[in-house]
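Scope of the values below: all heavy atoms of this structure, side chains included, with no hydrogens, waters or symmetry mates.
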Amino acid sequence: MGAVVVGNDAGVVPSASVLLRTFPSIEDPMVQKWIRFRNAILGDAPVALVTPPGSKSFKATSSAARSSRLSDGVLYWRLVASNNRELGRSAFLYQSVEHARRHVERIMSASAELTIDAVADRPALRRGWVLSLDAAPVMTSARWYSSSSTSVSSAMSALAALQGARVLVGPARAASTTRLEHDSIAG
């Protein structure tokens, strides 16, 4: 949650939000940036999450199926604090707003069952984290951290914020970025 409230409201933490971001295609530079970071944390875990017809359960798809199913636009979600600081992000791409919303709500309702797994990027000595449900990743850190303690603190804050977050159903359509814009925000 990351906010410290001073005065009579001490201990009251502003609510977080889950923002859904849609993109025109998997080739969008922002989606590619999300995929690179996500793959650095999760390795070869499936990238997309689909719902089989007539089923209420969610199933990850292989990366081979990803390109054919995600050609008409994709979305992922971000958990943000009240000051818009990103606390965590989805571990998957989704095909529809409804699909993403239902999955986030399922994750939130099972927040007591989520586990935190530490992730180390050994060559660069960076640390990150993954929240898992039933041994399957559902959320990753939003960035790398320089120490294990900072990473663990971030994971605990994200988990606490997720429990009381608001899901904003109307997706924020992200404009496709040009190469120049992408390079300027990638740092």
Taking all non-hydrogen atoms of both residues, which atom of [X] and which atom of [Y] are closest, and how far apart?
{"X": "Val119", "Y": "Ile41", "value": "CG1-O, 3.8 Å"}
{"X": "Gln32", "Y": "Glu27", "value": "CG-O, 4.0 Å"}
{"X": "Gln163", "Y": "Ser111", "value": "CG-OG, 3.2 Å"}
{"X": "Gly128", "Y": "Ser141", "value": "CA-OG, 3.7 Å"}
{"X": "Met108", "Y": "Ala165", "value": "CE-O, 3.1 Å"}
{"X": "Met30", "Y": "Tyr76", "value": "O-OH, 4.3 Å"}

Would you indicate whether the side-chain heavy atoms of [Y] and [X] approach each other to under 4.5 Å?
{"X": "Thr140", "Y": "Leu42", "answer": "yes"}
{"X": "Leu131", "Y": "Thr115", "answer": "no"}
{"X": "Trp34", "Y": "Arg89", "answer": "yes"}
{"X": "Leu19", "Y": "Val167", "answer": "no"}
{"X": "Val138", "Y": "His103", "answer": "yes"}
{"X": "Asn39", "Y": "Val47", "answer": "yes"}
{"X": "Arg85", "Y": "Val80", "answer": "no"}
{"X": "Thr22", "Y": "Val97", "answer": "yes"}

Find the distance between [atom1] ([X]) and [atom2] ([Y]) and round it off to the nearest 0.5 Å.
{"X": "Leu20", "Y": "Glu98", "atom1": "CG", "atom2": "CD", "answer": "10.0 Å"}
{"X": "Thr150", "Y": "Arg143", "atom1": "OG1", "atom2": "CZ", "answer": "8.0 Å"}
{"X": "Leu162", "Y": "Leu87", "atom1": "CG", "atom2": "CG", "answer": "9.5 Å"}
{"X": "Ser132", "Y": "Leu114", "atom1": "OG", "atom2": "CG", "answer": "8.0 Å"}

For this session: Just do the side-chain contact (heavy atoms from CB on, under 4.5 Å) check on Leu133 and Arg106 with the steps written out, would you?
Result: CA-CA 10 Å; Leu133 178 62; Arg106 180 174 176 258; 3.9 Å; yes
Donor-acceptor check, side chain of [X] to backbone of [Y], threshold 3.5 angstrom: yes or no?
{"X": "Gln95", "Y": "Val74", "value": "no"}
{"X": "Ser153", "Y": "Ser149", "value": "no"}
{"X": "Asp134", "Y": "Ala136", "value": "no"}
{"X": "Ser90", "Y": "Met139", "value": "no"}

Problem set entry | Distance-only donor-acceptor check, side chains Trp129 and Ser154, under 3.5 Å |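 Checked: Trp129/Ser154 side chains pair up, N/O donor to acceptor below 3.5 Å.
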Exercise. Is a side-chain donor-acceptor pair under 3.5 Å present for Arg166 with Ser17?
Worked result: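 Checked: Ser17/Arg166 side chains pair up, N/O donor to acceptor below 3.5 Å.
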For this session: Might you work through the side-chain contact (heavy atoms from CB on, under 4.5 Å) test for Ile26 and Ile35, ending with a clear yes or no?
Result: CA-CA 9 Å; Ile26 197 167; Ile35 289 172; 3.9 Å; yes
Exercise. Which is it for Ser148 and Arg127 under the side chain to side chain donor-acceptor pair (under 3.5 Å) test, yes or no, and what are the steps along the way?
Worked result: CA-CA 6 Å; Ser148 295; Arg127 305 288 185 261; 3.2 Å; yes
Exercise. Between Leu75 and Arg21, does a side-chain contact (heavy atoms from CB on, under 4.5 Å) hold up when you go through it step by step?
Worked result: CA-CA 5 Å; Leu75 68 124; Arg21 290 195 70 186; 5.7 Å; no
Exercise. Do the numbers put Arg102 on top of the ring of Tyr94, so that NZ or CZ is under 6.0 Å from the six-membered ring centre and no more than 45° off the axis?
Worked result: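 Not flagged: Arg102 not positioned over aromatic ring of Tyr94.
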Exercise. Hey, mind stepping through Ile116 and Met156 against side-chain contact (heavy atoms from CB on, under 4.5 Å) and telling me if it holds?
Worked result: CA-CA 8 Å; Ile116 299 172; Met156 292 172 51; 4.0 Å; yes
Exercise. Can you hop from Phe37 to Tyr145 via hydrophobic side chains spaced under 4.5 Å?
Worked result: no
